[in-house]
Q: 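This is the structure I have questions about; it appears just below.
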Amino acid sequence: MPELPEVETIRRGLVPSLVGARVTSVLVKRRRMVKHPELGRGFESKLAGRKVRSIMRRGKYLLFVLDGSGLLVIHLGMSGSLVLVGRGERPKHERIRFEFSGGRALSFADVRTLGKVIFCEKRESPLVLHSVWRMGLEPIQRGFGPRYLADRFRDRKAPVKSLLLDQRVCCGVGNIYANEALYRAGVRPTRAAGSLSEPEVERLSKALRSVINDGIKWCGTTLEDDGYRLPDGGRGKFQRHLAVYDRAEGKCRCGGTVKLVRQAGRSSYYCPACQH
DNA sequence: CTTGTGTCCTGTAGGC
DNA sequence: TGCCTACAGGACACAA
């Protein structure tokens, strides 16, 4: 669920309430989701008493910069959500709860429990956050462009869709936005990345940027019966602008029919008439 | 290095 | 009704 636009929307929603607030206590209901250090022991006590200095984002990761050079890292996995709640509120599938000064709490709910939280000191971060540091550029970052993409695609035989999902290539891109970007670029997801022409790479580069920016503009994608919520409980609106995702056998804008193929265990949607 | 597959989880939808 | 399978916004370990 949460890809770059969703995580960015969550970040923006949390900043006004949490920056400057102090963690009073932490309740871990699903220990497995705490990744560091040793089985997460000491996680709660290391957080308690710390103040949030800023909230940053890298790809799909949220980084809470805390007092005393502490870093709280949250990844929402497939089904995680972060909602600001009052004292008594217990969202469904709540796994970890951060109580803050002022009586508010940040509730991390996650049906499938594939999300994770990590605490580390800033100086340990290169080691602990290994995968975070080796991620590539985000489509909305300076330096991301046709040249960057072409360099990554050169001589690669893997389907272009797989590379878009590779965080070392397109940081923050997930299944929904990968499908939508390929649609906007007119490129089939099954094409070998290295076979794209220059104009195709150019279009794909632009499409990635625009689709991610639109996703942010519309506060992310909340499919029906979906877990993704804004921190205030609201829903995203980008689902209204999806051209192909989740539309198998549905009508494309061109009048053709949207097709579904499975690639590496993920669904890819495309219009055979618009994408080549 | 590259590429594809299976696995981690829980919940739900659809077929029979 | 119930039982079974397939699948779901992600990432990672592993095999070839």
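Numbers restart at 1 for each chain; the letters A, B, ... are given by sequence-line order, proteins then strands.
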Q: Determine, for Glu180(A) against Arg247(A), whether the closest basic-nitrogen to carboxylate-oxygen distance falls under 4.0 angstrom.
A: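 Salt bridge between Glu180(A) and Arg247(A), a charged N being under 4.0 Å from a carboxylate O: no.
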Q: Counting any heavy atom closer than 4.0 Å, what does Pro5(A) reach on the DNA or RNA strands: base, sugar-phosphate only, or nothing?
A: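 Here Pro5(A) touches no strand at all.
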Q: Is the phosphate of dG10(C) approached by Arg266(A) (side-chain N or O, under 4.0 Å from OP1 or OP2)?
A: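 So the side chain of Arg266(A) is within the cut-off, an N or O lying under 4.0 Å from OP1 or OP2 of dG10(C).
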Q: Between Ser267(A) and dC7(C), does any side-chain N or O lie under 4.0 Å from OP1 or OP2?
A: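 Indeed not, no polar side-chain atom of Ser267(A) lies that close.
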Q: What distance, rounded to whole Å, do you find between the two C1' atoms, one in dT12(B) and one in dA11(C)?
A: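 Straight-line distance between the two C1' atoms is 23 Å.
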Q: Using a cut-off of 4.0 Å on non-hydrogen atoms, how would the nucleic acid contact of Tyr61(A) be classed: base, sugar-phosphate, or nothing?
A: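 Touches sugar-phosphate only.
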Q: Check the pair Arg50(A), Phe119(A) against side-chain contact (heavy atoms from CB on, under 4.5 Å), reporting the backbone distance first and the verdict last.
A: CA-CA 12 Å; Arg50(A) 304 234 195 196; Phe119(A) 176 86; 3.4 Å; yes
Q: Walking along DNA chain B from 5' to 3', note the first and the last nucleotide with an atom under 4.0 Å from a heavy atom of chain A, and give both.
A: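 Both ends considered, the range comes out as dT2(B) to dG11(B).
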Q: Rounded to the Å, how far apart are Gln263(A) CD and dG10(C) P?
A: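 Between P of dG10(C) and CD of Gln263(A): 14 Å.
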Q: Provide, to the nearest angstrom, the distance between the CZ atom belonging to Arg58(A) and the P atom belonging to dG10(C).
A: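 For the pair Arg58(A) CZ and dG10(C) P, the rounded distance is 17 Å.
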Q: Counting only heavy atoms not in Asp151(A) (residues, nucleotides, ligands), do more than 12 fall under 6.0 Å from its CG?
A: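 Yes - once you tally the heavy atoms of other residues, nucleotides and ligands closer than 6.0 Å, there are more than 12.
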Q: Which of these passes ring pair (Phe, Tyr, Trp, His ring centres under 6.0 Å) with Tyr177(A): Tyr183(A), Tyr245(A), Phe238(A)?
A: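 Result for ring pair (Phe, Tyr, Trp, His ring centres under 6.0 Å) with Tyr177(A): Phe238(A).
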Q: Expressed as a whole number of angstroms, how long is the span from Leu114(A):CG to dC7(C):P?
A: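 Distance check: Leu114(A) CG to dC7(C) P gives 17 Å.
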Q: Dot-bracket for DNA chain B, please, read 5' to 3', with Watson-Crick or G-U wobble pairs under 3.5 Å on both distances, ( ) within the strand, [ ] crossing, | other strand, . unpaired.
A: .|||||||.|||||||
Q: From CE of Met78(A) over to P of dA11(C), roughly how many Å is that when rounded to an integer?
A: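 In whole Å, dA11(C) P and Met78(A) CE are 9 Å from each other.
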Q: For Ser107(A), run the side chain to side chain donor-acceptor pair (under 3.5 Å) check against Glu99(A), Lys92(A), Glu94(A) and tell me which one passes.
A: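 Result for side chain to side chain donor-acceptor pair (under 3.5 Å) with Ser107(A): Glu94(A).
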Q: Tell me the interatomic distance from Asp166(A), atom CG, to dA11(C), atom P, rounded to whole angstroms.
A: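 In whole Å, dA11(C) P and Asp166(A) CG are 10 Å from each other.
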Q: Please lay out, stage by stage, how Arg188(A) and Leu182(A) fare under the test side-chain contact (heavy atoms from CB on, under 4.5 Å).
A: CA-CA 6 Å; Arg188(A) 291 199 191 189; Leu182(A) 286 163; over 6 Å; no
Q: Just checking, any donor-acceptor pair under 3.5 angstrom between side chains of Ser210(A) and Arg184(A)?
A: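 Arg184(A) and Ser210(A) do have a side-chain donor-acceptor pair below 3.5 Å.
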Q: Rounded to the nearest angstrom, tell me the gap between atom CG in Asn175(A) and atom C1' in dA11(C).
A: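 Computing the Asn175(A):CG to dA11(C):C1' distance gives 13 Å.
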Q: Specify the separation, in whole Å, of atom CH2 of Trp133(A) and atom C1' of dA11(C).
A: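 In whole Å, dA11(C) C1' and Trp133(A) CH2 are 18 Å from each other.
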Q: Nearest-Å distance, CZ (Arg168(A)) to P (dG10(C))?
A: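 These atoms are roughly 16 Å apart.
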Q: Can you check whether Thr222(A) reaches Leu230(A) side chain to side chain, under 4.5 Å on heavy atoms?
A: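 Side chain of Thr222(A) against side chain of Leu230(A), heavy atoms only: no contact under 4.5 Å found.
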Q: When you measure from the side-chain N and O atoms of Gln167(A) to the phosphate of dG10(C), is any distance below 4.0 Å, counting only OP1 and OP2?
A: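 For dG10(C), OP1/OP2 do not have a side-chain N/O of Gln167(A) under 4.0 Å.
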Q: Using a cut-off of strictly less than 4.0 Å, decide whether Arg262(A) has a side-chain nitrogen or oxygen near OP1 or OP2 of dA8(C).
A: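 Looking at the OP1 and OP2 atoms of dA8(C), one of them is under 4.0 Å from a side-chain N or O of Arg262(A).
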Q: Could you check whether any side-chain heavy atom of Arg262(A) comes within less than 4.5 Å of a side-chain heavy atom of Ser267(A), counting everything from C-beta outward?
A: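 Result yes, sub-4.5 Å side-chain heavy-atom pair found.
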Q: Just checking, any donor-acceptor pair under 3.5 angstrom between side chains of Gln263(A) and Ser268(A)?
A: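 On atom types as modelled, these side chains qualify, holding a pair under 3.5 Å.
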